[in-house]
Peer 1: 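Questions regarding the structure given below will be posed in turn.
Everything numeric in this text was worked out from a predicted model, so none of it was measured. Residue indices begin at 1 and follow the sequence shown. Counting convention: from 1, in listed order, for ligands and their atoms alike.
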Amino acid sequence: MKNNNKFPKGFLWGGATAANQCEGAWNVDGKGLSVADCSKFKPDVDPKDYIAQHGITLQDIKEAMESEDTILYGKRRGIDFYNRFREDLDLFAEMGFKVLRVSIAWTRIFPTGVEEQPNEKGLLYYEELFKEMRARNIEPLVTLHHYEMPLYLSDHYGGWYSREVIEMFVKFCKVVFDRYKHLVKYWLTFNEIDSIFRHPFTTAGIVTERYPKEKQEEIIYQALHHQFVASALATKCLHEIIPQAKMGCMVTRTLTYPENCHPKNCLLALKTNRENYFYADVQVFGMYPRFIKEEWKAKRIFIKFNEEDEEILKSYPVDFVSFSYYMSLVSSIEAEKKEKVNGNLSTGVKNPYLDVTEWNWQVDPIGLEYSLVEMYDRYKKPLFIAENGIGAKDIVNDNGIIIDDYRIEYYRQHIEAIASAISDGVEVMGYTPWGCIDLVSMSTCQMSKRYGFIYVDADDYGNGTYSRIKKKSFYWYKKVIESNGVHLQ
Ligand code: BG6
């Protein structure tokens, strides 16, 4: 892999967060309950067992709704970003961030989703946040839907399975586009829209237990269809309300290699990757690929399309493609006989050439270059790496310092991979490492799974001062940004 340090002028270096994992303040200033407020830390469950960690039942939701607990429901407290955001923005500005990815919690603006009028206090909070970013020359990149839909919509409408949710989402989008039209230029619709099959509750408010097993796949596809239509309508509204703004889709890029060159393995990997691309395909090309329609036919899955849906999808594709990239997987026709690894709520065959993180996610910087090249060839739209990073247990040493050389090495290799793709002609707009400040883990609700350049003094149960400490990687990333990707050592 070569590093020609080809980052263009104006490259958007920064970091990424999501409201439900950092804001806290789960029940203040009129905020309603969201699906994220039901995520519970399960100390007795193996953190690598993502199904047991993240699975949810109707009973779990009932208990969450009746509970005021913020110890085990860690996303309710986050890292207190709601109150400390100015201090955090100062630190991001000190690192030289050009962009910060945040999300708007729908439940701060429409607490249940069905209100006619928005909650002014919620609108004011984000207005203040975006103004403070701008004052520090940090461009906001705003996700509209990051695993935090109103719980009320899940409970009363079955989440995105109901077509009515499209209208409520578009109402929310219009309000925030209008309010922040002078503050925000870059938007993303659904975070990792493909995760609907991996965790339907957090992604779409669907509790699978409500439906017979044989209907669940159809229900998830139907909800996904509603999200695709909503994404297109949000793009339409954005362009009408803020003509100069750009909308991106956001998908999980899970690159899958064939286990070896056995043609059956290669074909399997091809099809697995095609499935992974399906979600961006619809939002970029404005139509469903034929293979999905064939799959529906074969499985007798019937998806209701309104007459205008195909036209909507076709007319309002996204402007750019953003994605998260953490690791690659391997597919094999003999998968059941092989050793497995996890990663981002998915499982695959272990790749003998790659190391894994403490959470068993395979580290593969070349896979990032591979993905960038392939995605640019496929979409021919600017790409944005909206998430990348390594979750690790950081140690504060006796001198109060965190020497996170493993994180520096991880980023060094991934940034080299981006440079290499850029020098190959790939158009990359920006790079926002995930959890640029430690925050609550999406899958496990742990604080000890840390991604940040900034350490937050809090443990898995929320004990701690919440004070912020700059890690060694903080100073390293600052130099990377200052040199526009030249100084990586
Ligand atoms: C992405 C999500 O899938 O991975 C984030 O968009 C999440 O919300 C990140 O935090 C890392 O996953 P985890 O489970 O380690 O927090």
Peer 1: State whether the shortest distance between N or O atoms of Met442 and N or O atoms of ligand 1 falls below 3.5 angstrom.
Peer 2: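 Right, the criterion is met.
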Peer 1: Tell me, please, which residues at least two apart from Thr357 pass side-chain contact (heavy atoms from CB on, under 4.5 Å).
Peer 2: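 Counting only residues at least two positions away or on another chain, Thr357 forms a side-chain contact (heavy atoms from CB on, under 4.5 Å) with Trp359, Trp361, Val363, Ile390.
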Peer 1: Do Arg274's NZ or CZ and the ring of Tyr277 fall within the cation-pi criteria of under 6.0 Å and 45°?
Peer 2: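 Output no; distance or angle outside limits.
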Peer 1: Is the shortest N/O to N/O distance between Trp434 and ligand 1 below 3.5 Å?
Peer 2: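 N/O-N/O distance below 3.5 Å exists for this pair.
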Peer 1: Any atoms of ligand 1 less than 4.0 Å from a non-hydrogen atom of Lys449? List them with their elements.
Peer 2: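 Ligand 1 atoms under the 4.0 Å threshold to Lys449: 13 (P), 14 (O), 15 (O).
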Peer 1: Just heavy atoms, cut-off under 4.0 Å: does Thr444 contact ligand 1 by side chain, backbone, both, or neither?
Peer 2: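 Thr444 to ligand 1: no contact under 4.0 Å from either part.
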Peer 1: Report yes if some N/O of Trp361 lies less than 3.5 Å from some N/O of ligand 1; otherwise report no.
Peer 2: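 No.
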Peer 1: Quick one: closest heavy-atom pair of Pro258 and Val330, and the distance?
Peer 2: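 That closest heavy-atom pairing would be C-CG1, 4.3 Å.
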Peer 1: With sequence neighbours excluded, tell me which residues meet ring pair (Phe, Tyr, Trp, His ring centres under 6.0 Å) with Tyr125.
Peer 2: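 Only Tyr82, Phe85 meet the ring pair (Phe, Tyr, Trp, His ring centres under 6.0 Å) criterion with Tyr125.
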Peer 1: Return yes or no for this condition: an N or O of Glu387 is under 3.5 Å from an N or O of ligand 1.
Peer 2: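 There is such a contact, yes.
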Peer 1: So is Ser324 polar-close to ligand 1, meaning N/O to N/O under 3.5 Å?
Peer 2: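 There is no such contact.
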Peer 1: For ligand 1, which atoms sit closer than 4.0 Å to a heavy atom of Tyr451?
Peer 2: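 It comes down to these atoms of ligand 1: 11 (C), 12 (O), 13 (P), 15 (O).
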